[in-house]
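Chain letters run A, B, ... following the sequence lines, proteins first, then strands; residues in each count from 1.
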Number of protein chains: 2
Amino acid sequence: MATKPKRPTVHDVAREAGVSVATVSRALSRPKDLKKETLDHVLKVVRATGYRSNQMAVQLRTGLSRTLMVLVSDITNAFYAEFFKGIEDYARSRGYILLIGDTSQDAQSEQDYFGMLSANKADGLLWNVDATPAELGQGTIADLLGGHPLVLCNHNTEIDAPTVRIDNDLGGRMVAEHLLDLGHRAFAEVAGPLEHDSIRRRHDGFNAALAEAGVTVPTDGQLGGALGIETGQAAARQITAMETPPTAVFAHNDAIAIGLLHSLPKLGLRVPDDISVVGYDDMPYACAMTPELTSVRLPRRRWGAAAAKMLISVLEGSETGTPEVAIPPEFKRRESSAPPRQN
Amino acid sequence: MATKPKRPTVHDVAREAGVSVATVSRALSRPKDLKKETLDHVLKVVRATGYRSNQMAVQLRTGLSRTLMVLVSDITNAFYAEFFKGIEDYARSRGYILLIGDTSQDAQSEQDYFGMLSANKADGLLWNVDATPAELGQGTIADLLGGHPLVLCNHNTEIDAPTVRIDNDLGGRMVAEHLLDLGHRAFAEVAGPLEHDSIRRRHDGFNAALAEAGVTVPTDGQLGGALGIETGQAAARQITAMETPPTAVFAHNDAIAIGLLHSLPKLGLRVPDDISVVGYDDMPYACAMTPELTSVRLPRRRWGAAAAKMLISVLEGSETGTPEVAIPPEFKRRESSAPPRQN
DNA sequence: GTGAAAGCGCTAACAA
DNA sequence: TTGTTAGCGCTTTCAC
């Protein structure tokens, strides 16, 4: 643990190099302000001494941490992996690093993380909002965050901030159009929690597109629950129990779809022969299901990168409004959807 | 953007409360050093002014960032999600936050992150090593990290540091024993990159247990490749092309197993009737495959928590050796493995 | 129990 | 082009 021998500071380097601390600082941050000779010399000493600037001091001095806080409700969700990567890639290309936090849908954790932002542990926040925080009543979001800027990764009507989200209306619509094209007219929908904007929109888009074709989802075909495998399994039981089951189901995410794929056949409905199943998200394993799952691919990496870019633009002053950009998803047709049987 | 009105500092609070800055600082960090009266008064002013300490200053002054850096080679891998959560949970309970970095198996990125550690962006490092960094030749790992402590989450013979890893020898052994118990004697193994310690060990454990039963994997049954679905698909082709295919396959992770599950039936071998498949990792979707995948469950969350605990112990001085703890996995029997057919 | 004051290591005016 | 110097906001001796 060579942690004892105190690390060299600008002063050490300055003394060693026979220049002032300012020169050392400049050599590192604005090299072109120095005579090439001096620069080379200082840099050599820097290397010789193994000097590394102490970011704690830099941060205090500049007021910048070059750190982005990323908040999601469940870091455990594989869904976010690519999203993080997109953020990380762009952020790092701009010299920022990531503080990733999991709020677990818990108001206290959320507050804690907001507190860290206020305490300048990060310069800005990338937030995948699920629910509007309760504390928001007591002030604006900017107060909560200590004035640090925020970019939302989900739409939220009660928070006024730049937003970079997936175009879920379009996603839902894509599913409807695909299924209609195949000839389906009898549908079921297994929804997630509709109070979440991103869920609501895939629902709205789906149903709007159906409505335009003169079709509606019957009441008993409107199922839903949490965004998990079990919801799909439960839905499969409900669907197979119906007198005239739908010929196509739209699951609000791939986990639900997997639950369907897994349970429907066991309960007597083959996919896609008897019933088509379309998922949403296009998780990595969607294409390895049996049958391969038709899904809506969300460009999660691009999404993360766009959000990071937006936040950094705000931080660096080149973005001042509160734009809302919606990233279009992409439809992935696979084996789990097919034309309905003729009967 | 209420970012203009400069935030209150200890001085502001001190003036407002009619005490010294020292007293304000104490009120926040060591309340019991103050007369209850003073304390209450200061705290009231703190609340009134909305004061929040500036962590940048605290860090510089104390030399502590209360931040843990976590480095993995691919943040995109769903495998890490639960691992992160375990780290986050424990870390946060101890007042630490997480800086998560993705090295992309890239030496430069790795160096960059090490540099940030040296620059005190974090107090310590939790590292899921894949390969020993090339730069290690030029000095000890402690130098590279600026003297900050490190806990490895994978064994690495060339780096001497406390390690908290999964007991992969045991995992591999569990698979062999399960399959032997079922009556299998003809095996194939689809391995990952054996240069990784965690992969090597599941291989070693598996083969050692087979050897003890007097069985070996024939040469043409020793397959392998990257830890992805495609490797499983390719292996399925090789296996089905064999004159006498094995009755059981051990896939080094679930992705490979999924590739097998997906491709074997298409090529004429039913799972588990003709051939048993056992995966490794027990990813969330393993139990939703058709057939449900028998796998080795890695307690990833517990693993992360244990690693975080170890690192914080080192940081706070209560752990000084270089212990190596191996966390035992758990066997999950499901549908994809069954006794071999009698023939 | 409380205050005064000395920095932590760095950057950025301002001077020279 | 380079140096001097004043802090950034906080914690922590050391006095009182």
S.K.: So, are A:Lys44 and A:Asp40 salt-bridged, with charged N and O less than 4.0 Å apart?
M.R.: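 Salt bridge flag = no for A:Asp40 with A:Lys44.
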S.K.: Decide whether B:Arg92 and B:Tyr96 meet the rule of one side-chain donor and one side-chain acceptor closer than 3.5 Å.
M.R.: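 The criterion, which ignores hydrogens and geometry beyond distance, is not satisfied for B:Tyr96 and B:Arg92.
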S.K.: Rounded to whole angstroms, how far apart are CD on B:Gln59 and P on C:dC8?
M.R.: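 Nearest whole value for this atom pair: 17 Å.
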S.K.: If you take all heavy atoms of B:Met310 and B:Val325, which pair is closest and at what distance?
M.R.: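 What the structure gives for the nearest pair is CE-CG1, 3.6 Å.
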S.K.: Under a 3.5 Å cutoff, is there a donor and acceptor pairing between the side chains of A:Ser65 and B:Lys121?
M.R.: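 There is no such pair (donor and acceptor under 3.5 Å, judged by atom type) between the side chains of A:Ser65 and B:Lys121.
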S.K.: Within residues 33-43 of chain B, find the residues that approach DNA chain C with a heavy atom at under 4.0 Å, and present them sorted by residue number.
M.R.: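 When residues 33-43 of chain B is checked for heavy atoms under 4.0 Å from DNA chain C, the hits, listed by number, are B:Asp33, B:Leu34, B:Lys35, B:Thr38.
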S.K.: Quick one: does NZ or CZ of A:Arg300 land under 6.0 Å from the six-membered ring centre of A:Phe79, within 45 degrees of the ring axis?
M.R.: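 Output yes; distance and angle both within limits.
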S.K.: Would you list the pairs meeting salt bridge (charged side-chain N to carboxylate O under 4.0 Å, His left out) in which at least one residue belongs to residues 95-104 of chain A, sequence neighbours left out?
M.R.: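 For residues 95-104 of chain A: A:Asp102-B:Lys85.
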S.K.: Indicate whether the side chain of A:Gln55 and that of A:Ser53 have a donor and an acceptor atom separated by less than 3.5 Å.
M.R.: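 Side chains of A:Gln55 and A:Ser53: pair found under 3.5 Å.
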S.K.: Which nucleotides of nucleotides 9-16 of chain D have their base under 4.0 Å from a protein heavy atom (B), which only their sugar-phosphate (S), and which neither (-), written as one string 5' to 3'?
M.R.: BBBBB---
S.K.: Aromatic ring centroids of A:Trp127 and A:Tyr113 under 6.0 Å?
M.R.: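 Ring centres of A:Tyr113 and A:Trp127 not closer than 6.0 Å.
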